[in-house]
Amino acid sequence: MSRYEPAVIEAKWQKAWDAAQIFAAWHDPLRPKYYVLEMFPYPSGRIHMGHVRNYTMGDVVARYKAAQGFSVLHPMGWDAFGMPAENAAMERGGHPRDWTYGNIADMRAQMKPLGLSIDWSREFATCDPEYYGQQQSMFIDMMASGLVYRKAAVVNWDPVDMTVLANEQVIDGKGWRSNATVERRELTQWFFKISDYSAELLSALDGLKDWPEKVRLMQANWIGQSRGLQFAFATVGAPAGFDTLEVYTTRPDTLLGASFAAISPDHPLAKALEAEDPAIAAFVAECRKGGTSAEALETAEKLGMDTGVRVRHPMDPEWEMPVYIANFILMDYGTGAIFGCPAHDTRDHEFASKYGLGIKPVFIPESQDFATELMDLPWIPYKTESVRYILGFAGEAVQTGEEAVAAAIAFCEAKGIGRGVTNYRLRDWGISRQRYWGCPIPVVHCEACGVVPEKKENLPIELPYDVTFDIPGNPLDRHPTWRHTTCPNCNAPARRETDTMDTFMDSSWYFARFTAPHAKTPTDAAEVDYWMNVDQYIGGIEHAILHLLYSRFFARAMHATGHLPAKAIEPFNALFTQGMVTHEIYLTRDANGRPIYHLPEDVRKVPIDGNLVPVLKSRLADINLDPDATEIPDDALQAISLLADMQVEVIPSAKMSKSKKNVVDPVNIIAAFGADTARWFVMSDSPPERDVEWTASGAEATHKHLARVWTLCARIGDMPGDHKGEGDDVLIRATARAIHEVTEAIEGFAFNKAIAKLYEFTNTLSKANASTGAMKAAIRTLAQLMQPMTPHIAESIWSVQGGNGLCALAPWPKADPALLVEDTVTLPIQINGKRRAEINVPAQMSPTEVEKIALANEDVQKFLAGATIKKLIVVPGRIVNVVV
RNA sequence: GCGGACGUGGCGAAAUCGGUAGACGCUGGGGUCUUAAACACCCUUUCCUAUGGAGUACGGGUUCAAGUCCCGUCGUCCGCACCA
């Protein structure tokens with residue numbers, strides 16, 4: 001065995017794995033299956049350290065499960081539609097398709113050297129017509145099942161780029177590219193009826209035991225269930241057809257504190273009034289300016305306008321209240337209309353104060369004197385700890401929170417005022433995008449037949465290649481021929497839908513497609529039945545809500561249309577959300593205090609007063625020092641210490657970003673140290689769910705460790721066959737313990753701990769004094785235990801030390817339980833809870849005997865000094881505590 | 001504002017059942033080897049007024065025993081947010 005040369009062995013073993021096709025997933029009815037999946041990447045063109053960490057984690061699981069005897073599916077694909085491709089085309093010319101497929105080729109080439117155990121034969125990109133054609137086919141099935149519909153919806157419209165913007169693309173009310181003020185526009189869009197599944201998507205979260213609690217909670221909050229009362233106000237002076245006004249409230253217990261009603265600018269009543277009254281029309285137009293995003297709404301001032309319409313309180317027809325149009329009321333939550341109770345709601349209070357509306361308390365805190373003049377009371381926020389009704393539905397009964405709401409609903413229902421309603425925040429999923437680089441929506445607009453789905457035999461409806469991006473708007477709209485077609489129904493000339501689907505659709509079923517990536521139908525029943533569900537899904541927390549919620553919904557929609565079995569409606573059995581790979585940022589500041597970022601290689605750390613101070617190399621050169629000299633003379637260090645402006649600020653653990661100049665390129669790391677080093681390091685330092693900080697010294701240390709293992713392997717290889725040692729028993733026990741501990745750590749997703757245990761075992765092994773046979777057996781086991789993390793060096797060791805076949809195919813080692821039990825244990829002895837001595841006793845010794853030995857101990861005697869023992873606790877195998 | 005998570009050496013972290021706090025790694029310090037350095041190897045690295053004492057953000061509590069359980073305070077991070 002020569003030097004450790006990762007480049008050589010990594011290429012060698014990757015070739016061997018390929019030749020033997022050991023990662024091809026095999027539908028083996030005789031073995032249990034295991035499907036491990038990492039969230040597939042967007043083909044931006046370069047892999048980054050986050051990818052390395054994500055895919056290594058999945059690979060550790062995949063390789064471990066394979067060694068455990070599972071038939072493993074571990075595929076890879078590309079989430080390939082989306083705006084960056086169009087932006088690249090607009091900015092640099094070229095075509096989104098060429099850009100995307102070029103990037104895929106580049107990224108695949110960067111990913112392959114990692115040695116991932118991926119079945120590349122199943123690879124696909126969502127922009128492959130073969131894939132999106134099947135997506136169109138399912139869309140048509142879902143249309144037929146009533147899961148898809150069209151409706152007019154308010155969207156962010158960029159008047160310059162002539163396109164709809166996602167909320168994330170509206171910055172300070174302006175389009176992110178055009179910088180034009182975004183308008184709220186009503187457009188007819190395609191929607192999925194995800195809200196029909198609100199209750200089900202919420203309740204099924206309870207069954208996802210192997211999902212992070214945090215993600216389940218985020219989804220539950222997003223779905224946003226609330227219980228309240230929906231009822232109608234009788235109106236006075238409203239236009240024809242608006243005799244009543246429906247409102248929804250989660251606080252019916254404050255109904256007697258109502259002092260106004262308010263409606264959304266998009267409410268039908270507002271629209272009716274708008275037609276009659278120019279002042280109202282102007283106000284409504286004002287409200288529609290600005291985006292629909294959370295920020296836009298939050299920063300907007302609360303505006304209202306009295307419509308002149310009045311409503312009667314449902315409990316007292318004599319009691320009339322004004323109806324306002326208010327810009328903060330959302331049309332698509334509840335009924336788009338509310339009643340305001342300024343005494344107990346911050347926002348209503350603010351509004352009522354601004355427009356001089358009454359404030360009428362319904363309850364007061366228990367601490368407050370009932371006799372105080374009610375009208376002088378400040379407003380009382382929701383959820384005041386302890387409240388007492390002063391006006392209420394249940395007489396004098398003191399009720400708060402959910403109880404009060406339930407009582408109020410019951411009271412109102414009994415009186416015939418409205419009914420209890422469960423509402424959800426979750427809105428239907430708008431999937432229309434006025435974009436080119438997405439899956440075309442497979443429908444046709446016919447003058448005679450209306451909206452008609454395309455015939456399945458015409459699928460895929462492929463994107464035309466000859467499009468231009470020189471003018472704003474949707475290239476499909478202005479394509480000379482593409483949109484002209486014939487009606488699938490009546491054959492008359494008709495117009496193709498030019499909206500494409502939200503890219504979240506593409507990622508909502510790719511996991512199912514991997515089970516049969518080339519099937520002529522969206523899924524293959526036998527394959528999907530064998531491989532689904534995904535046993536372990538791994539990805540970033542940033543997908544905790546949208547991607548995972550859409551996928552959960554889409555799996556149900558696929559089941560409803562016969563594309564997935566019932567068992568797959570929750571497609572991901574276990575979910576793991578991994579942390580980021582971070583890296584230090586180096587910066588100095590300009591005269592105005594703005595940061596200037598520096599590359600790590602432009603910074604050098606020099607020892608000043610026992611601390612390593614980072615300084616700019618260019619400034620070292622300025623004071624005539626060689627920035628790369630190994631030693632810097634003391635007098636120069638003194639000079640540096642006086643020049644505060646030479647010193648570089650360090651921000652640890654920052655997200656890698658090009659503009660901050662702290663990106664570490666995996667390609668460079670693999671070239672310098674090899675894939676095994678990159679893989680080991682990203683798994684080693686932090687728990688997988690936490691961020692891990694990339695450090696150059698850590699990477700070097702990892703590489704050195706692997707080289708030490710290599711040298712150790714060579715040394716064991718050189719041992720004479722008949723060498724005897726004293727320590728066989730000790731080594732065999734250490735090996736068993738290593739197997740046990742590493743296995744437990746991997747099972748528990750604690751890869752950092754698995755690696756710590758491997759360090760420990762390696763140290764033990766390199767110091768062991770054992771026979772050649774025992775040493776060889778131990779290092780073979782080490783290779784097997786390292787294999788999920790560092791598969792290439794593991795194969796080399798395995799083959800050198802006489803392992804059978806490929807290490808990747810060897811069954812996972814098992815620890816003999818008898819070897820895990822220690823003969824003797826060291827017990828600490830506490831006196832009054834402080835550790836004072838320790839004794840070595842046989843592990844199986846009875847507590848009474850342990851007691852005797854403990855009390856006989858010299859140190860114990862010294863500390864006891866004849867005091868009376870009040871109590872003596874012996875926890876077998878753990879500790880002895882003497883209380884005096 | 002609502003909801004949640006977390007707080008342990010110079011740093012990343014262990015301590016999954018309440019039972020020796022700091023495993024393992026990084027950094028720093030010292031040493032062996034060398035003409036010298038690199039490499040490699042060895043020792044050392046929680047703090048202090050140090051044969052002992054203190055210590056897991058802070059203040060209380062439960063317990064023979066608390067990083068771990070309970071109550072309160074402070075801090076950091078994350079998600080959601082005109083949601084009626």
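Chain identifiers are assigned alphabetically (A, B, ...) following the order of the sequence lines, protein sequences preceding nucleic acid strands; residue numbering begins at 1 within each chain. Everything numeric in this text was worked out from a predicted model, so none of it was measured.
- Atom-to-atom, NE2 of His703(A) to C1' of A38(B) comes out at 16 Å; the value is rounded to the nearest Å.
- Nearest-nucleotide positions on RNA chain B for Asn881(A) and Gly336(A) put Asn881(A) closer to the 5' end.
- At a threshold of 4.0 angstrom between heavy atoms, the contacts of Arg216(A) with the nucleic acid are absent.
- At the heavy-atom level, Lys834(A) lies under 4.0 Å from the strands shown only through sugar-phosphate atoms.
- The side chain of Tyr759(A) places no N or O atom within less than 4.0 Å of a non-bridging phosphate oxygen (OP1 or OP2) of G25(B).
- Counting any heavy atom pair closer than 4.0 Å across all strands shown, Asn423(A) reaches no nucleic acid atom.
- A distance below 6.0 Å separates the ring centres of Trp680(A) and His705(A).
- Nucleic acid contact class of Thr695(A) (heavy atoms, under 4.0 Å, all strands): none.
- Residues Lys655(A) and His583(A) have side chains not in contact (no heavy-atom distance under 4.5 Å, counting atoms from C-beta outward).
- Taking atom NZ on Lys757(A) and atom P on U16(B), their separation rounds to 11 Å, with Å as the unit.
- Taking 4.0 Å as the cut-off between side-chain N and carboxylate O, Arg737(A) and Glu822(A) count as a salt-bridged pair.
- Contacts of Lys704(A) with the nucleic acid, taken as non-hydrogen atoms under 4.0 Å apart, involve only primed sugar atoms and P, OP1 or OP2.
- One can place CD1 of Ile545(A) at 9 Å from P of G79(B), the figure rounded to the nearest angstrom.
- Taking the six-membered ring where tryptophan is involved, the planes of His313(A) and Phe233(A) are perpendicular, since the angle between them exceeds 60° and thus also 30°.
- G9(B) shows a glycosidic angle within 90° of 0 and is accordingly assigned syn.
- Atom CZ of residue Phe681(A) and atom CG of residue Leu706(A) lie 12.5 Å apart, to the nearest 0.5 angstrom.
- Contact annotation: Lys214(A) side-chain N/O to C6(B) OP1/OP2 distance is not under 4.0 Å.
- Using N1 to N3 plus N6-O4 or O6-N4 for Watson-Crick, or N1-O2 and O6-N3 for G-U wobble, each under 3.5 Å, U63(B) pairs with nothing.
- The separation of G7(B) from G59(B), taken at their C1' atoms, amounts to 16 Å, rounded to a whole angstrom.
- At the heavy-atom level, Ile329(A) lies under 4.0 Å from base atoms of the strands shown.
- The nearest whole Å value for the distance from the CG atom in Asp691(A) to the C1' atom in C78(B) is 11 Å.
- Annotation: Arg227(A), atom CZ; neighbour count of heavy atoms from other residues, nucleotides and ligands within 6.0 Å is above 12.
- The same atom, P, is picked in C43(B) and in C11(B); the two are 25 Å apart, to the nearest Å.
- Phosphate proximity of G12(B) to Arg690(A): absent, as no side-chain N or O sits under 4.0 Å from OP1 or OP2.
- Here the P atom of nucleotide U16(B) and the NZ atom of Lys753(A) are 8 Å apart, to the nearest Å.
- Residue Arg836(A) places at least one side-chain N or O under 4.0 Å from the OP1 or OP2 atom of G53(B).
- Atom C1' of G28(B) sits at a distance of 34 Å from the matching atom of G19(B), rounded to the whole Å.
- Out of G19(B), C83(B), C41(B), the shortest distance to the side chain of Arg427(A) is found at C83(B).
- The residue Pro687(A) sits close only to the backbone: its heavy atoms come under 4.0 Å of sugar-phosphate atoms, none of a base.
- A donor-acceptor contact under 3.5 Å is not formed by the side chain of Asn221(A) with the base of C80(B).
- Ring centers of Phe576(A) and Phe749(A): under 6.0 Å apart, within the cut-off.
- Within the nucleic acid shown, Glu760(A) comes within 4.0 Å of sugar-phosphate atoms alone, with no base atom in reach, counting heavy atoms only.
- Distance, Glu700(A) CD to U27(B) C1': 13 Å, rounded to whole Å.
- Distance noted for atom C1' between U46(B) and U20(B): 16 Å (whole Å).
- Within 4.0 Å (heavy atoms only), Ser697(A) reaches sugar-phosphate atoms of the nucleic acid but no base atom.
- For the pair Asp685(A) and Thr335(A), nearest-nucleotide mapping onto RNA chain B gives the more 5' position to Asp685(A).
- If you take CE of Met218(A) and P of C2(B), they are 19 Å apart, rounded to a whole angstrom.
- U56(B): no Watson-Crick or G-U partner with both key distances under 3.5 Å is found in any strand.
- Pairing partner, C41(B): G31(B), with both Watson-Crick or wobble hydrogen-bond distances short of 3.5 Å.
- Arg878(A) comes within 4.0 angstrom of the backbone, heavy atoms only, and of no base.
- Nucleotides C39(B) and C58(B) have their C1' atoms positioned 48 Å apart, rounded to a whole Å.
- Residue Leu217(A) is in sugar-phosphate contact alone, with no base atom involved, counting any heavy-atom pair closer than 4.0 Å across all strands shown.
- A 3.5 Å limit on both hydrogen-bonding distances identifies A5(B) as the Watson-Crick or G-U partner of U76(B).
- Out of C82(B), G19(B), A23(B), the shortest distance to the side chain of Ile879(A) is found at G19(B).
- Atom name P, nucleotides G53(B) and U8(B): the rounded distance is 27 Å, in whole Å.
- In this structure, CD1 of Ile831(A) is placed 13 Å from C1' of C64(B), rounded to the nearest angstrom.
- At a cut-off of 3.5 angstrom, counting only N and O atoms as typed in the model, there is no donor on one side facing an acceptor on the other between the side-chain of Lys871(A) and the base of U63(B).
- Atom-to-atom distance recorded for Gln225(A):CD and Tyr424(A):OH is 4.0 Å, nearest 0.5 angstrom.
- The nucleotide U49(B) finds no pairing partner, because no Watson-Crick or G-U wobble arrangement with both distances shorter than 3.5 Å includes it.
- In this structure, Phe351(A) has its ring center closer than 6.0 angstrom to the ring center of Tyr324(A).
- Asn752(A) comes within 4.0 angstrom of the backbone, heavy atoms only, and of no base.
- Within the 4.0 angstrom heavy-atom criterion, only backbone atoms of the sugar-phosphate kind lie near Val883(A); the bases stay farther away.
- In this structure G12(B) sits in a base pair with C24(B), meeting the Watson-Crick or G-U test at under 3.5 Å.
- Between C82(B), U20(B), C83(B), one nucleotide has an atom nearer to the side chain of Arg425(A) than all others, and that is C83(B).
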